[in-house]
Amino acid sequence: METFGIGIAGLGVVGSGVAKNLVKNAELITQRTGFKFEIKAAALRDPALAHGIVDPSKVKLTTNSMELANDPSIHIIVELMGGTDAPRTLIQESLKNGKAVVTANKALLAECGEELTALAAHHRKPFGFEASVAGGIPVLKALREGLVANNILSIHGIVNGTCNYILSQIAQTGSTYGAALAEAQKLGFAEADPTLDVEGFDAMHKTVVLAALAHGFWIPQEMVHVQGISKLASEDFAFAKMLGYTIKLIATVKSHPDGAVEAHVQPTFVPNRHVLASVSSSFNALAIKGDVVGETLFYGRGAGSDPTASAVIADIVDAAAALSGGHAPHLGATHSLYAKIKPYEETMAPYYIRLGALDKPGTLATIAQVFAAHQIGISSVFQPKDHPGDFVPLILLCDTAPERDVRLALAGIAGLGVVNGPATAIRLEEFAP
Ligand code: HSE
């Protein structure tokens, strides 16, 4: 029986879940895999907090994570510290010292994924990061292994549980964004400072990782267009419902026949007929389309101690298998078949547009002319009745058009004096076959 020493850097929510479940399901994991795992050391800011999580008589506790990288009894480093600088150094040193590494750190991967995966490949050591995207859903493994035969045509993901909880609450109860956020914070679905989640950055980090696995290159994170959910207006949820849609924060990765890849995160109108529309509360889900397999769907918990630990432990087992066999693991290696980024302005989508329009004959014609001048078709127009005041909501559903043209048209309309402020524009995703 081969035994692997584990060093865990960070014993917070995820680290404690890993420690607990490695012990709880030890016999099952060993019988399944033929490997035994022993936590040899843990690094954490206050070693007193490790009591009740690991047995201090068996697990060395330290405040210095770099001790793990230099500990010969440790074969697999599990980095769950948070932040980017210290984890990056720990991972670099661990790989250089011949250790396998497992991390859940999506911010680090979005920043240094290219460098760290190249370092792991150089040292021929396993580097797993399944838990970095969609928590317990084994979607990276699916991209790397189960879908290896496919060109990945599209990925549409609900990959941030905080946002999905808030959006579901607003859609289902009609509550305001502020009330839904407060509720999410009370239930532990949102941080005290929710910026990373609600402004879309967490989903953007995951999008970079998904794109790397799907298309073999690391998109610089600043090239991923990001729009969060904090500016959404309640009335757009009501109009979405009326039109048969649900608003979701969707992470999109799409490939084009010329090899270009688009990657972006934004609130999106999802038709109620599509399965992603019914993914509610803090759940995550990804619809992935491959040229060989067609449509696939992945669903589950994207965060939390146990679901995330499930993914981390799967990576630990994979790392052990690779170390045991002495072969370099299949990391979802980089390749050159794509490697081109489609600028966001050139990406195409149909749009929901809401304007505050002057309630006077001719306004609609004036607005329609601007869209026509930019070659943007309008498929539907809707104006709610009995709206008081000189300006009334005017809802347009526009046909698929380049982002740049939509922005130009909206800028043109803003200067006409027939609207009372900037338009609200939200992409529609129709999930064309
Ligand atoms: N904060 C994330 C979410 C989980 O709400 O989905 C960790 O990535």
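First listed ligand is number 1; within each ligand, the first listed atom is number 1. What's counted below: heavy atoms across the whole structure, side chains too, no hydrogens, waters or symmetry copies.
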J.: Below 30° counts as parallel, above 60° as perpendicular, anything between as tilted: where do the rings of Y245 and F269 land?
T.: tilted

J.: Check each heavy atom of E191 against ligand 1 and say whether those closer than 4.0 Å belong to the side chain, the backbone, both or neither.
T.: neither

J.: Are any of the N or O atoms of N284 closer than 3.5 Å to those of ligand 1?
T.: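 No - when backbone and side-chain N and O of N284 are compared with those of ligand 1, no distance drops under 3.5 Å.
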
J.: Where do F239 and F237 land on the ring-ring contact (aromatic ring centres under 6.0 Å, His included) test, with the steps shown first?
T.: CA-CA 5 Å; F239 289 133; F237 287 83; over 10 Å; no

J.: Who's the nearest protein heavy-atom neighbour of atom 5 (O) of ligand 1, and how far?
T.: T162 OG1, 2.7 Å

J.: Below 3.5 angstrom, do we get any N/O pair linking G302 and ligand 1?
T.: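 For ligand 1, there is no N or O atom that lies under 3.5 Å from one belonging to G302.
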
J.: Suppose I only count heavy atoms of K206 and a 4.0 Å limit; which atoms of ligand 1 are within that range?
T.: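 Close to K206: 2 (C), 4 (C), 6 (O), 7 (C), 8 (O).
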
J.: My understanding is that we take every heavy atom of each candidate and find the minimum distance to atom 2 (C) of ligand 1. Doing that for L196, N164, D197, which one comes out nearest?
T.: D197

J.: Is K20 salt-bridged to D306, going by a charged N under 4.0 Å from an acidic O?
T.: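 Yes, charged N to carboxylate O under 4.0 Å.
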
J.: Taking NZ, NE, NH1 and NH2 as the nitrogens, is one of them in R273 or E430 under 4.0 Å from a carboxylate oxygen of the other?
T.: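 Judged by the 4.0 Å cut-off on N to carboxylate O distance, R273 and E430 do form a salt bridge.
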
J.: Is the shortest distance from a heavy atom of K106 to ligand 1 less than 4.0 Å?
T.: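 Flag set, K106 near ligand 1.
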
J.: Should you measure from each heavy atom of D202, which atoms of ligand 1 turn up under 4.0 Å away?
T.: 2 (C), 8 (O)

J.: Heavy atoms only: give me the nearest N164-V279 pair and the separation to one decimal.
T.: ND2-O, 3.0 Å

J.: T347 and side chain to side chain donor-acceptor pair (under 3.5 Å): which single residue from H225, R427, E403 fits?
T.: R427

J.: For ligand 1, which atoms sit closer than 4.0 Å to a heavy atom of G161?
T.: 3 (C), 5 (O), 6 (O)

J.: Only heavy atoms of A303, strictly under 4.0 Å: list the atoms of ligand 1 that pass.
T.: 4 (C)

J.: Any donor-acceptor pair under 3.5 Å linking the side-chain atoms of T63 with those of R45?
T.: no

